Structure formats: structure tokens, C-alpha cells
Amino acid sequence: FPNPVWKASIVVSLIGFMITVLSSTFTLTVVVFDRGEKSDVPEWSRFCSGLSIILAWSGFAIGIIAMTVFAIANLAT
């Protein structure tokens, strides 16, 4: 786009994708070290893992929506 508008939506999109990557990495780390009954993973870490899954999906959705808004706003002009 030669003269893009709504540049802030790209920043929001990148932040959403960054949250997705970081949350997914945390969840993967907990899953790798969680070995059932003999697990060394504390209970709070399991709770945070569930929360980070929600953050990962939310960040992905926000990233996609912000990128779509940016594309539509710039295609219309």
C-alpha cells in the first residue's frame, strides 16, 4: 500500500501474534515437563498453562482481526 491508513492496527496485530507465540511457548514447556503422577510441575503452573492457552487463542484472533481491518481499510482507499 503506497499510503497506508490505520497503521495502528498493524501494531495491534503484531502484539496479538507476539502474545500467541509467548503463551504457546509457555504452555508447551509445561506440557513437556508434566509427566502425570510423578510430575515436578507445580499446580499454579498447570493453572497458568490453561490461562495461556486462552491467551494464545485470543492473541491469534486479535492479530487476524486487526490485520483484516488494516487490509480492508487500505483496499477501500
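No experiment lies behind these values; they were computed from the predicted model shown.
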Legend entry - Heavy-atom pair of closest approach, residues Ser45 and Val30: OG-CG2, 3.3 Å
Legend entry - Non-hydrogen atoms of Phe17 and Gly63 that approach each other most closely: CZ-C, 3.7 Å
Inset, instruction - Show which residues join Ile62 in its hydrophobic cluster (side-chain heavy-atom contacts under 4.5 Å, direct or indirect), or state none. - result: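 Val12, all in the cluster of Ile62.
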From [X] atom [atom1] to [Y] atom [atom2], the distance as rounded to the nearest 0.5 Å:
{"X": "Ser49", "Y": "Phe33", "atom1": "OG", "atom2": "CZ", "answer": "13.0 Å"}
{"X": "Met67", "Y": "Ile72", "atom1": "CE", "atom2": "CD1", "answer": "12.5 Å"}
{"X": "Ser13", "Y": "Ile64", "atom1": "OG", "atom2": "CD1", "answer": "7.0 Å"}
{"X": "Ile19", "Y": "Ser52", "atom1": "CD1", "atom2": "OG", "answer": "12.0 Å"}
{"X": "Ile10", "Y": "Ile15", "atom1": "CD1", "atom2": "CD1", "answer": "11.5 Å"}
{"X": "Ile53", "Y": "Phe26", "atom1": "CD1", "atom2": "CZ", "answer": "10.5 Å"}

Legend entry - hydrophobic_cluster_shared for Leu55 and Leu14, side chain cutoff 4.5 Å: no
Legend entry - Within-4.5 Å side-chain heavy-atom neighbours: Thr20 and Ser24: yes
Legend entry - Under the ring-ring contact (aromatic ring centres under 6.0 Å, His included) test, residues paired with Phe70 that sit two or more places apart: Phe1
Inset, instruction - Would you check if the side chain of Thr27 reaches a backbone N or O of Ser23 as a donor-acceptor pair within less than 3.5 Å? - result: yes
